[in-house]
Amino acid sequence: MERNAVSKVSRMAGIAIFMSIVVVLTIVATFVKIGSFPITLTLVPIVVGAALYGPRAGAILGATFGVVVLIFCISGADPGGAVLWTLNPALTAVLCLLKGALAGLAAGGVYAVFSKKNRYLGVALAAVVSPVVNTGVFLAAMVVFFRGTLTAWADGASLVYFAFVGLAGVNFLIELGINIVLSPAVTRILKAAKRA
């Protein structure tokens, strides 16, 4: 087998392994809820995969996360997502897929740019940008497309306060914290993978 073909097969196998990790962690995360929505534990393997295989792979891994989230919205395993699915299935599907794919794409892009100067900086910034994009796209969609639902959930509180503190605040901080705490481990993984 040609070296280039072996490299492509190795890359596909690596992305497939990360996809299965994303699926498993997304399923496990459904049991870790603070508020209406589960905490996203899958951003770390998305960041690692995006750093190892590039922004396109990050988008694939993020979209994989989005597909599992969408299945949970449709099945009712994610009650908050089920409400959104009932209100607008097409928009909910686009939101689930888009927020994950953009989070992975952004992580891969940031890593590609900043790792040239410093691998630790690249990993740290990718680890920060991934949850920011994931949560930011979700909040923007809630404010723009699901404002009525957001208003009902806020129950008289300020929409901005509820969106940032009640809806996403604690979840986002936990996701960001997990990514930042694990970023040194991600750097070690990348270092070992580059050697191999």
Side-chain angles (χ1 to χ4, degrees), residues 3-4 6-26 28-29 32 37-69 94-143 163-164 168-196:
R3 183 179 172 104
N4 194 21
V6 170
S7 176
K8 283 182 182 179
V9 170
S10 175
R11 175 184 166 82
M12 286 172 36
I15 292 170
I17 289 168
F18 277 104
M19 287 172 76
S20 25
I21 293 169
V22 166
V23 169
V24 169
L25 284 177
T26 305
V28 168
V32 184
F37 295 92
I39 292 172
T40 305
L41 301 174
T42 59
L43 295 176
V44 172
I46 291 171
V47 168
V48 174
L52 276 174
Y53 300 111
R56 230 176 350 169
I60 291 167
L61 295 171
T64 301
F65 159 61
V67 167
V68 178
V69 170
V94 169
L95 173 60
C96 288
L97 298 174
L98 187 66
K99 74 184 187 74
L102 289 177
L105 182 69
V110 165
Y111 179 79
V113 169
F114 289 96
S115 67
K116 291 174 186 170
K117 296 177 183 184
N118 182 308
R119 183 179 302 161
Y120 295 101
L121 177 64
V123 167
L125 291 176
V128 168
V129 80
S130 185
V132 167
V133 169
N134 183 56
T135 302
V137 170
F138 173 72
L139 289 177
M142 288 300 295
V143 168
F164 285 99
V170 175
N171 283 16
F172 170 74
L173 292 175
I174 291 171
E175 291 167 10
L176 182 64
I178 289 170
N179 275 18
I180 290 171
V181 167
L182 293 179
S183 65
V186 170
T187 305
R188 288 192 189 109
I189 292 168
L190 294 174
K191 203 176 209 181
K194 298 287 183 194
R195 275 193 227 133

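Since the structure is predicted, the reported quantities are computational estimates derived from the model, not experimental observations.
The shortest non-hydrogen separation linking L95 to A141 is CD1-CB, 3.5 Å. V47 and A107 get closest at one heavy-atom pair: CG2-CB, 4.1 Å. Counting all heavy atoms, side chain and backbone alike, A50 lies closest to G58 at CB-CA, 3.6 Å. A pairwise comparison of heavy atoms in V110 and A126 identifies CG1-N, 3.7 Å as the closest pair. When all heavy atoms of V48 and F18 are compared, the pair lying nearest together is CG1-CZ, 3.4 Å. The two residues F65 and I46 make their nearest non-hydrogen contact at CB-CD1, 4.0 Å.
One distance of note links OH of Y111 with CG of L52; it measures 7.5 Å at 0.5 Å rounding. With values rounded to the nearest 0.5 angstrom, I21 atom CD1 is found 7.5 Å from L25 atom CG. Rounding to the nearest 0.5 Å places CG of L61 at 11.5 Å from CG of L105. Between I15 atom CD1 and T64 atom OG1 the span is 9.5 Å, to the nearest 0.5 Å.
With contacts defined as side-chain heavy-atom distances shorter than 4.5 Å, the pair L125/L121 qualifies.
Residue R11 places its CZ atom among more than 12 non-hydrogen atoms of other residues, nucleotides or ligands, all under 6.0 Å distant.
The side chain to side chain donor-acceptor pair (under 3.5 Å) analysis of residues 123-141, with sequence neighbours excluded, yields the pairs K99-N134.
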